[in-house]
Undergrad: 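This structure is in structure tokens; I'll ask about it shortly.
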Amino acid sequence: MTQRMKNENWKRTHYTMEITPNMDGEEVVLTGWIKEIRDLGGIKFLILRDKEGTLQITVPKDEVDELTLKHAESLQRQDCVSIRGVVKRMDKAPRGVEIIPKNIIILNTAKQPLPLDITGKTPADIDVRLDARVLDLTRDENRAVFQIRHVILEAIRDFLSKNGFIEIHTPKIIASATEGGANLFPVMYFEREAFLAQSPQLYKEQLVIDFEKVYEIGPTFRAEKSHTRRHLTEFTSIDIEAAFATAEDVMEIAERLIQHVCKMVVEKCCEDLKTLKYKVEVPEMPFKRLTYDEVINELKDAGIKINWGEDIPTIAYRTLGRLHPYFYFIIDWPTSIKPFYIKPRDDKPELSEGFDLMWHWIEVASGGTRIHDKDLLIKRLREQNLNPESFRFHLQAFDYGMPPHAGWAIGLERLVMMLTGVRNIREAVLFPRDRFRLTP
RNA sequence: GCCCUGGUAGUAUAGUCCGGCCUAGUAUAAGCGGCUGUCGCCCGCUAGACCCGGGUUCAAAUCCCGGCCAGGGCGCCA
């Protein structure tokens with residue numbers, strides 16, 4: 001045996017979940033972390049966790065050698081170990097199988113007491129949990145959220161790719177505001193001031209000239225002082241843009257995508273959903289389409305008065321969410337409350353071809369047909385008190401055959417909330433950034 | 001930018017309204033000891049806290065003021 005091999009005698013042969021009762025008698029090496037310890041005196045049970053699951057390590061104290069016993073006795077929660085041992089079929093053990101250790105290598109120890117209870121018997125506050133996020137994520141229900149998030153992203157990429165979209169990445173350091181407004185984070189870019197991108201909007205629109213159908217999944221930054229369970233200052237936006245498409249075309253893509261994502265999560269994340277005690281329903285298509293006018297009338301009947309042309313306040317959305325559970329679109333928004341790039345309707349310019357996709361009372365996506373006529377775009381910029389000169393590079397694209405196009409953006413973390421049942425958006429991000437949190 | 005609520009051991013809480021019975025209770029985690037089939041194991045023991053500063057009062061965890069920190073909501077948005 002070479003020195004190198006000797007040093008690697010901790011290397012695993014199996015994951016915990018690969019160990020089955022019919023491997024009785026086989027010698028295996030497992031690596032992971034000590035999740036629980038139950039010492040009954042003459043016998044000690046250790047629960048080993050790895051990325052796949054858990055397995056019981058049973059230490060009958062008069063049957064293991066002195067050194068192994070010494071190591072077993074010193075173990076504490078969250079210690080990192082490699083355990084060589086023999087598989088034993090045992091009906092009384094979880095999953096009918098356990099490991100009798102022959103050798104325990106302590107790869108690293110954990111400082112006690114831990115800053116939060118990893119068993120979940122005494123649940124910690126979100127603030128304490130996020131301060132010790134790595135430890136917090138050792139809990140199955142917290143990791144399950146990110147297993148599902150992974151499947152969501154996989155499903156989105158799969159769906160969009162199969163539908164002819166190409167994944168792009170646009171700059172996150174930008175020279176000026178993409179949509180106006182003051183809610184950008186300034187950064188020093190050498191001797192100049194720059195900003196963190198609040199949206200890939202302008203870039204993705206320009207790129208439809210070259211690629212026709214593009215999508216981006218990437219970080220976006222909003223310097224909004226929101227302090228709610230559904231806002232972050234850094235979140236992941238799923239953006240699409242398609243040439244020769246209208247709002248209705250991209251709404252169909254959105255509902256088909258949502259349905260596909262729900263299906264994949266239901267199919268692939270059965271265990272994780274069980275861990276989270278949450279049920280995902282695959283929505284029926286097509287989703288309801290409510291016009292802005294219908295919405296304000298419904299709200300009027302419910303006792304909430306909204307003047308035509310006003311935006312819909314949160315309280316009204318909560319009421320609307322009760323009237324229309326699950327997914328629905330709101331269409332035909334007044335042009336005046338939509339961003340400058342949203343196309344006004346040809347027949348009624350006071351209405352726009354913008355839409356929002358709602359889930360209960362939460363806005364999940366917004367999008368619409370875009371203006372592809374340069375003069376109209378400049379007119380709309382001026383109407384929203386934006387300076388066309390600041391948009392020079394964007395407007396330039398409209399000189400080179402900008403096709404009619406449409407697109408939308410979905411907030412990934414809100415989608416994760418929907419498909420995991422977590423009630424705080426911070427639970428849907430590994431290391432969330434909000435108005436007050438910049439660490440870890 | 002505005003509004004509301006809170007801060008008690010490593011964690012989570014009781015006590016705060018109506019100051020004295022708090023020498024601050026409980027659970028869990030931690031340390032020590034015991035227990036051979038646990039699976040939120042069990043039992044005993046030990047140690048551990050009133051966010052900071054000021055004020056009121058005979059007396060403050062409790063009331064008041066300021067600060068810091070945290071949670072939630074509004075507006076805005078995904």
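Quick note: numbers below take in every heavy atom, side chains included, and nothing from hydrogens, waters or symmetry partners. Numbered from 1 within each chain, the chains take letters A, B, ... in sequence-line order.
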Undergrad: What interatomic distance, in whole Å, is found between P of C3(B) and the corresponding atom of C42(B)?
TA: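 Nearest-Å result for C42(B) against C3(B) at atom P: 49 Å.
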Undergrad: Can you tell me the distance, in whole Å, between the CD1 atom of Ile330(A) and the P atom of A78(B)?
TA: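 Ile330(A) atom CD1 is separated from A78(B) atom P by 13 Å.
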Undergrad: Paired with G20(B) by Watson-Crick or G-U wobble geometry, both distances under 3.5 Å: which nucleotide is it?
TA: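 Answer to the pairing question: C58(B), which forms a Watson-Crick or G-U pair with G20(B).
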Undergrad: In whole angstrom, give me the gap between the P atoms of G7(B) and A12(B).
TA: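 Comparing P positions in G7(B) and A12(B) gives a spacing of 13 Å.
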Undergrad: Walk along nucleotides 26-31 of chain B from 5' to 3' and tag each nucleotide B, S or - by protein heavy-atom contact under 4.0 Å, base first, then sugar-phosphate.
TA: --SSSS
Undergrad: Show me the protein contacts with nucleotides 70-74 of chain B, counting only N or O atoms at under 3.5 Å.
TA:
from, atom 1, to, atom 2, distance (Å)
G72(B), OP1, Asn424(A), ND2, 2.7
G72(B), OP2, Arg426(A), NH2, 2.4
G72(B), N7, His227(A), ND1, 2.8
G73(B), OP1, Arg229(A), NE, 2.7
G73(B), OP1, Arg229(A), NH2, 3.0
G73(B), OP2, Arg229(A), N, 2.7
G73(B), N7, His227(A), O, 2.9
C74(B), OP1, Arg318(A), NH2, 3.3
C74(B), OP2, Arg230(A), NH1, 3.4
C74(B), OP2, Arg230(A), NH2, 3.4

Undergrad: Which whole number of Å gives the distance between the P atom of C74(B) and that of C58(B)?
TA: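 Going atom to atom, P in each nucleotide, I get 47 Å.
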Undergrad: When you compare the ring of Phe235(A) with the six-membered ring of A78(B)'s base, are the centres less than 5.5 Å apart and the planes under 30° from each other?
TA: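 Ring-base stacking flag set for Phe235(A) and A78(B).
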Undergrad: Let's test your reading of the model: under 3.5 Å, does the base of G37(B) pair with the side chain of Glu98(A) as donor and acceptor?
TA: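 Under the 3.5 Å cut-off, the side chain and the base do form a donor-acceptor pair.
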Undergrad: Please list, chain by chain and in numerical order, all residues satisfying side-chain contact (heavy atoms from CB on, under 4.5 Å) with His372(A), sequence neighbours excluded.
TA: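 Expected list: Met402(A), Pro404(A), His405(A).
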Undergrad: Quickly work out the Lys35(A) NZ to C41(B) P distance and round it to whole Å.
TA: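 Distance check: Lys35(A) NZ to C41(B) P gives 10 Å.
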Undergrad: My understanding is that a pair needs two contacts under 3.5 Å, Watson-Crick or G-U wobble. By that rule, which nucleotide pairs with C68(B)?
TA: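 Across any shown strand, C68(B) pairs with G7(B).
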Undergrad: Measure CD1/Ile342(A) against C1'/A78(B) and give the value in whole Å, please.
TA: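 Distance, rounded to whole Å: 14 Å.
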Undergrad: When the distance from CE of Met417(A) to C1' of C77(B) is rounded to whole Å, what number comes out?
TA: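 Result: 14 Å.
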Undergrad: Between G25(B) and C77(B), how far apart are the C1' atoms? Round to whole Å, please.
TA: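 Between the two C1' atoms, the distance is 46 Å.
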Undergrad: Side-chain N or O of Ser237(A) less than 4.0 angstrom from OP1 or OP2 on A78(B)?
TA: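 No, because none of the side-chain N or O atoms of Ser237(A) sits under 4.0 Å from OP1 or OP2 of A78(B).
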Undergrad: Run the side-chain donor-acceptor check on residues 269-276 of chain A: report pairs under 3.5 Å with partners two or more places apart or on a different chain.
TA:
from, atom 1, to, atom 2, distance (Å)
Glu271(A), OE2, Lys274(A), NZ, 3.4
Thr275(A), OG1, Glu271(A), O, 2.9

Undergrad: Within this structure, what is the CD-to-C1' distance between Glu363(A) and C77(B), rounded to whole angstrom?
TA: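 The answer, rounded to whole Å, is 6 Å.
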Undergrad: Using atom CZ of Arg139(A) as one end and atom C1' of G40(B) as the other, report the distance to the nearest whole Å.
TA: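 In whole Å, G40(B) C1' and Arg139(A) CZ are 12 Å from each other.
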Undergrad: For the base of C77(B), is there a side-chain donor-acceptor partner from Arg414(A) under 3.5 Å away?
TA: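 Yes, the side chain and the base share a sub-3.5 Å donor-acceptor pair.
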Undergrad: Can you run down the side-chain hydrogen bond (donor to acceptor under 3.5 Å, both in side chains) pairs that involve residues 422-440 of chain A, sequence neighbours left out, and say none if there aren't any?
TA: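 Sorted result for residues 422-440 of chain A: Asp127(A)-Arg437(A), Arg129(A)-Glu427(A), Asp131(A)-Arg437(A), Asn424(A)-Arg426(A), Arg426(A)-Asp434(A).
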Undergrad: Partners of Glu234(A) by side-chain hydrogen bond (donor to acceptor under 3.5 Å, both in side chains), sequence neighbours excluded?
TA: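 Glu234(A) satisfies side-chain hydrogen bond (donor to acceptor under 3.5 Å, both in side chains) with no residue once adjacent residues are dropped.
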Undergrad: Check every strand shown and say whether Glu234(A) touches a base, only sugar-phosphate, or nothing at a heavy-atom separation below 4.0 Å.
TA: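 Nothing, no heavy atom under 4.0 Å.
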Undergrad: Which whole number of Å gives the distance between the P atom of G6(B) and that of U46(B)?
TA: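 To the nearest whole Å, 36 Å.
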Undergrad: Hey, does Ile362(A) reach any base, or is it just sugar-phosphate, or nothing, if we go heavy atoms under 4.0 Å?
TA: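 Nothing, no heavy atom under 4.0 Å.
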Undergrad: Compile the donor-acceptor pairs under 3.5 Å between side chains in residues 102-114 of chain A and protein atoms, sequence neighbours left out, one pair per line.
TA:
from, atom 1, to, atom 2, distance (Å)
Lys102(A), NZ, Glu27(A), OE1, 3.0
Gln112(A), NE2, Arg77(A), O, 2.9

Undergrad: Roughly how many Å is it from CZ in Phe45(A) to C1' in U36(B), rounded to a whole number?
TA: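 It is 7 Å, rounded to the nearest whole Å.
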Undergrad: If a pair satisfies ring-ring contact (aromatic ring centres under 6.0 Å, His included) and one of its residues is in residues 293-317 of chain A, list it, with sequence neighbours excluded.
TA: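 Listed once each, the pairs are Tyr292(A)-Trp308(A).
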Undergrad: Quick one: label Pro94(A) by what it contacts on the DNA or RNA (base, sugar-phosphate, nothing), any heavy atom closer than 4.0 Å.
TA: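 Pro94(A): base contact, heavy atoms under 4.0 Å.
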Undergrad: Looking across every strand, which nucleic acid part, if any, lies under 4.0 Å from Glu413(A) by heavy atom: base, sugar-phosphate, or nothing?
TA: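 Answer is nothing: Glu413(A) stays at 4.0 Å or more from every strand.
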Undergrad: Could you tell me whether Glu248(A) and Arg289(A) have a side-chain N and a carboxylate O separated by less than 4.0 Å?
TA: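 Yes, Glu248(A) and Arg289(A) are salt-bridged.
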Undergrad: Please measure how far the C1' atom in C50(B) lies from the corresponding atom in U13(B), and state the result in whole Å.
TA: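 The same atom, C1', in both gives a distance of 13 Å.
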Undergrad: Flag yes if more than 12 heavy atoms outside Asp301(A) fall under 6.0 Å of its CG atom; otherwise flag no.
TA: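 More than 12 heavy atoms, drawn from other residues, nucleotides or ligands, come within 6.0 Å of this atom.
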Undergrad: Figure out the CZ/P separation between Phe221(A) and C76(B), and round it to whole Å.
TA: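 Rounding to the nearest Å, CZ of Phe221(A) and P of C76(B) are 24 Å apart.
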Undergrad: Hey, could you give me each pair passing side-chain hydrogen bond (donor to acceptor under 3.5 Å, both in side chains) that has a residue in residues 278-288 of chain A? Not counting sequence neighbours.
TA: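 Checked against side-chain hydrogen bond (donor to acceptor under 3.5 Å, both in side chains) - neighbours excluded - the pairs reaching residues 278-288 of chain A are Lys288(A)-His324(A).
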Undergrad: Who pairs with Gln259(A) by side-chain hydrogen bond (donor to acceptor under 3.5 Å, both in side chains), at least two apart in sequence or on another chain?
TA: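 Partners of Gln259(A) under the side-chain hydrogen bond (donor to acceptor under 3.5 Å, both in side chains) test: none.
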Undergrad: For U38(B), give the paired nucleotide (Watson-Crick: N1-N3 plus N6-O4 or O6-N4; G-U: N1-O2 and O6-N3; both under 3.5 Å), or none.
TA: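 None - no nucleotide pairs with U38(B), as no candidate has both distances under 3.5 Å.
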Undergrad: How far does the P atom of A47(B) sit from the matching atom of U26(B), given to the nearest Å?
TA: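 Here A47(B) and U26(B) have their P atoms 14 Å from each other.
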Undergrad: According to the Watson-Crick and G-U wobble definitions, with both distances under 3.5 Å, which nucleotide is paired to C74(B)?
TA: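 G1(B) is the nucleotide pairing with C74(B).
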Undergrad: Please identify each residue that fulfils side-chain hydrogen bond (donor to acceptor under 3.5 Å, both in side chains) with Arg133(A), with sequence neighbours left out.
TA: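 With sequence neighbours excluded, Arg133(A) shows a side-chain hydrogen bond (donor to acceptor under 3.5 Å, both in side chains) to Asp136(A), given in chain and number order.
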Undergrad: With both distances kept under 3.5 Å, what pairs with U46(B), Watson-Crick or G-U wobble?
TA: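 Across any shown strand, U46(B) pairs with A30(B).
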Undergrad: Taking atom C1' in both A27(B) and U8(B), compute the distance separating them and give it to the nearest angstrom.
TA: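 15 Å, rounded to whole Å.
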Undergrad: Could you pick out which residue, Met90(A) or Leu357(A), lies toward the 5' side of RNA chain B when each is mapped onto its nearest nucleotide?
TA: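 The residue whose closest nucleotide sits nearer the 5' end is Met90(A).
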Undergrad: According to the interplanar angle, ranging from 0 to 90°, do the rings of Phe327(A) and Phe287(A) count as parallel (below 30°), tilted (30 to 60°) or perpendicular (above 60°)?
TA: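 The arrangement is parallel - the two ring planes meet at less than 30°.
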Undergrad: Would you tabulate the pairs of protein nitrogen or oxygen atoms and nucleotide nitrogen or oxygen atoms of nucleotides 42-44 of chain B closer than 3.5 angstrom?
TA:
none

Undergrad: Indicate yes or no: does Asp332(A) engage Arg345(A) in a salt bridge with an N to O separation below 4.0 Å.
TA: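 Salt bridge between Asp332(A) and Arg345(A), a charged N being under 4.0 Å from a carboxylate O: yes.
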Undergrad: Answer yes or no on whether Lys51(A) is positioned over the face of Tyr15(A), meaning its NZ or CZ is under 6.0 Å from the six-membered ring centre and within 45° of the axis.
TA: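 Output yes; distance and angle both within limits.
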